[in-house]
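Because only heavy atoms are used, hydrogens play no part in the values below, and waters and symmetry mates are left out as well, while side chains stay in. Every chain is numbered from 1, with letters handed out A, B, ... down the list of sequences. What you are looking at is a predicted structure, and each value in this text was computed from that prediction instead of being measured.
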There are 2 protein chains.
Amino acid sequence: VTSELAGRAPEATLRAPDLPPGLDTPALVIDLDIVERNARRLGDALARRGIALRPHAKTHKSLKLARVQLEAGADGITVGNLGEAEVFAAGGLDDLFIAYPVWAVGPKAARLRSLLDIQQLRLSVGFDSVAGAERLAAAAKGSQRPLRVVLELDPGNRRTGARPEQAGEIAAAGRRAGLDVLGVFTHGGHSYGQGLAAAAGADEVEALTIGAAALRAEGIEPQVVSAGSTPTELTAAVAPVNEIRAGTYLIGDRQQAIIGAVPLDGIAVAVAATVVSDAIDGQVVLDAGAKTLNKDVAPYLTGYGAIPAYPEAVIERVSDYHGVVRIPKGTRRPTVGEIVAIVPNHVCPVIDLRDSFIATRSGTIVGVWPVDARGRSG
Amino acid sequence: VTSELAGRAPEATLRAPDLPPGLDTPALVIDLDIVERNARRLGDALARRGIALRPHAKTHKSLKLARVQLEAGADGITVGNLGEAEVFAAGGLDDLFIAYPVWAVGPKAARLRSLLDIQQLRLSVGFDSVAGAERLAAAAKGSQRPLRVVLELDPGNRRTGARPEQAGEIAAAGRRAGLDVLGVFTHGGHSYGQGLAAAAGADEVEALTIGAAALRAEGIEPQVVSAGSTPTELTAAVAPVNEIRAGTYLIGDRQQAIIGAVPLDGIAVAVAATVVSDAIDGQVVLDAGAKTLNKDVAPYLTGYGAIPAYPEAVIERVSDYHGVVRIPKGTRRPTVGEIVAIVPNHVCPVIDLRDSFIATRSGTIVGVWPVDARGRSG
């Protein structure tokens, strides 16, 4: 009950972008006016602080949207794996950071080496252990330039990342192996929840401060001190941090809006779905199911997405091609054949399911844009 | 605690297919020996009962795997939407049933009409309301042959499907609208759980019995009386049912094995993932996250997939490219750089994330097979 109440009040104020008429559903719509506003909002805020922005492109996997970010002041692009780096490099982006501890053996070593050999590409890669650094160095051996790496530190997210206290030792081992150690980075993933952004941002700053000092103690002046997550995009944007790697801020989603990490009118994405059945009492069924909406949930969200035009409706169950929407007694419902706009819980995996999306401005189609790095997950 | 105990004993006996050496991870591996054994198991069992098999291809979305099913005795193929039907028709399959209440207006009406105009294609489509039937009839208007339709009935799954008692009235309206009403179908989706298959199968048979009688009372002799779900593939395979539409039986997954719907050695699929980090105590991190494993969970499963070689390990959290695996104290763990085989919780959405999979026989690669209908979700 708590989670339901927690979600309800702000959800009634969520806005989905306007849908163009005549869509073939399910469809993914992204409003470029809202995207550009979001891009400028963070770009301007970080520019005022003198902090670089290197947005994470795993959210959209789109070359065109990455260029929107660069035009709004981003200094480079972050990606999550070699596959995304390959697609963005082939598309002409020239400054990429793979924010992941790539384990560079076998096919991955060969692919990393091929990227390193692209002369116009400024590439850097994450690592979080001495063993990982040694594999990266072996993969880069014989290249005309050293591989640039950034050491991941754990700010309390407990996923990847070395303990900040170990930063000096691991960074020094990386340098001895022949790597160009640029600095340190964190991901404040423990910020995804209501009221967690301030503490998680402070955790990132603390871990990075310790790590940067540890590198200096080894004679490595950190050029990159990078924090990253949309909820901490501003709370972690203080010295010594000099780079922010937010991703979802560009498009927004239900999760980020409800926890306050993007404005309620900053949601640029909608899944358009048609009501295909009202055969069962108390519910309607949409043609957007798990293969469109994904199954991301959170304790502070009710169901598998929000339908702003019907704020009491709950997308209660999803199977591959069905979204079952419970209509509480006495509330309005969409009719069979009606197309509704759904705000997805988490936009990143939703975009990754589609080869393209419909780019709009205020409900008018301006193009069908490819999801260039769709399916690149390693 | 209950769900953890419930999952544990059988999971220790799960088997993943052997992985070929040298994989670039994350990778999806499907063992054709196991696939063919699964295909024959159900094909033979239904042949002995004189019941047709029309497997649901949304599980694999693969033309080659559909042909394996046809060679093992399947009589036609089921698909979940127009997009899948278009891909399978273009690939030369000539007998397709869209087991979905397609709402045939606008672009969907045009696409349905194009399929209907393929002379060599034997096509049928689901519906569950008079209004839906009228849209289908309007979409088919002017075609050289009537559109063949099958009425969906709800066996207690509470998703789509008319009440069995209404079958006569809705079927008669469909016939009056000019449709060729072939019969009735159900999906026993309420069978996905431990010990539910017998009751859900009986529910399907009961709903279909009522529906078939209601059609006869309107002078429509039902040619198709079709039940469908892997757990009920045998419990619903009794008169008057004359067709079964199981899907997951071909490949298996953790869910189906744990609830007993496929044999413990009938799992043909594994996600290969590399341990990329052990920086945090008590856990390791795999390069298979939510964009590879999906986020399907079930009350009777622990975590986001099983690792049969390390049965105590729990894939506790997934983010886009990270799978965080908790290693309980005192249990064995994979080492950094090691490649492990993961049995996914639910195979259908996992396959839909990839353009292709690695086809093997006992750990030897025999090909890279396309997921032809990947991303076709409407």
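At least one side-chain heavy atom of B:R374 sits under 4.5 Å from a side-chain heavy atom of A:D355. Side-chain contact check for B:K295 versus A:V297: every heavy-atom pair is 4.5 Å or farther apart.
For B:D287, the parts lying near chain A are the backbone and the side chain together; criterion is any non-hydrogen pair under 4.5 Å. Contact annotation for A:V105: neither backbone nor side-chain heavy atoms come within less than 4.5 Å of a heavy atom of chain B. When heavy atoms are compared at a cutoff of 4.5 Å, A:E84 approaches chain B solely by way of its side chain, counted from C-beta outward. Proximity to chain B (any heavy atom under 4.5 Å) is shown, for A:L82, by neither the backbone nor the side chain. At a 4.5 Å heavy-atom cutoff, the contact between A:V336 and chain B is made by backbone and side-chain atoms alike. Heavy atoms closer than 4.5 Å to chain A are found in the side chain of B:V285, but not in its backbone. Of the atoms belonging to A:R111, it is side-chain heavy atoms, and not backbone ones, that fall under 4.5 Å from chain B. Interface remark: B:T160 contributes backbone and side-chain atoms alike to the contact with chain A (heavy atom separation under 4.5 Å). Heavy-atom distances place the side chain of A:T274, and not its backbone, under 4.5 Å from chain B. For A:D24, the parts sitting under 4.5 Å from any heavy atom of chain B are the backbone and the side chain alike. With a threshold of 4.5 angstrom between heavy atoms, A:A162 approaches chain B through N, CA, C or O but not through any side-chain atom.
Residue with the most contacts toward chain A among B:V284, B:D352, B:V324: B:D352 (heavy-atom pairs, distance under 4.5 Å). In terms of heavy-atom pairs under 4.5 angstrom with chain A, the leader among B:G106, B:G80, B:G282 is B:G80. Options B:P26, B:G375, B:P349 differ in how many heavy-atom pairs under 4.5 Å they form with chain A, and the most are formed by B:P26. Of the listed residues (A:D154, A:T292, A:D296), the one with the most heavy-atom contacts under 4.5 Å to chain B is A:D296. Of the residues considered (A:Q166, A:K61, A:E152, A:R354), A:K61 shows the highest number of contacts with chain B, using heavy-atom pairs under 4.5 Å.
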Next item on the list: Run the numbers on B:R163 and A:I280 for side chain to side chain contact (heavy atoms under 4.5 Å, CB included), then give the verdict.
Entry: CA-CA 8 Å; B:R163 280 190 289 116; A:I280 308 291; over 6 Å; no
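Scanning all heavy atoms of the two residues, the minimum distance from B:Y321 to A:R376 falls at OH-O, 3.7 Å. Pairing each heavy atom of B:P107 with each of A:G22, the nearest pair is CG-O, 3.6 Å. Minimum heavy-atom separation, B:G161 to A:A279: O-CB, 3.3 Å. Residues A:R159 and B:Q283 share a closest heavy-atom pair of O-NE2, 3.2 Å. Contact between B:L286 and A:Y100 at its shortest, heavy atoms only, is O-OH, 3.7 Å. The minimum heavy-atom distance between B:D320 and A:C348, with the atom names listed, is OD2-CB, 3.4 Å.
Applying the side chain to side chain donor-acceptor pair (under 3.5 Å) criterion to A:T186, with sequence neighbours excluded, gives A:E204.
The NZ atom of A:K291 sits 9.5 Å away from the CG atom of B:L353 when rounded to the nearest 0.5 Å. Considering CG of B:N157 and OG of A:S319, their distance stands at 7.5 Å, rounded to 0.5 Å.
Counting non-hydrogen atoms of other residues, nucleotides and ligands closer than 6.0 Å to CZ of B:R333 gives a total above 12.
Within the 3.5 Å criterion, the main-chain N or O of A:D281 finds a donor-acceptor partner in the side chain of B:R158.
Screening residues 127-137 of chain A for side-chain hydrogen bond (donor to acceptor under 3.5 Å, both in side chains), with sequence neighbours left out, gives A:D128-B:S277.
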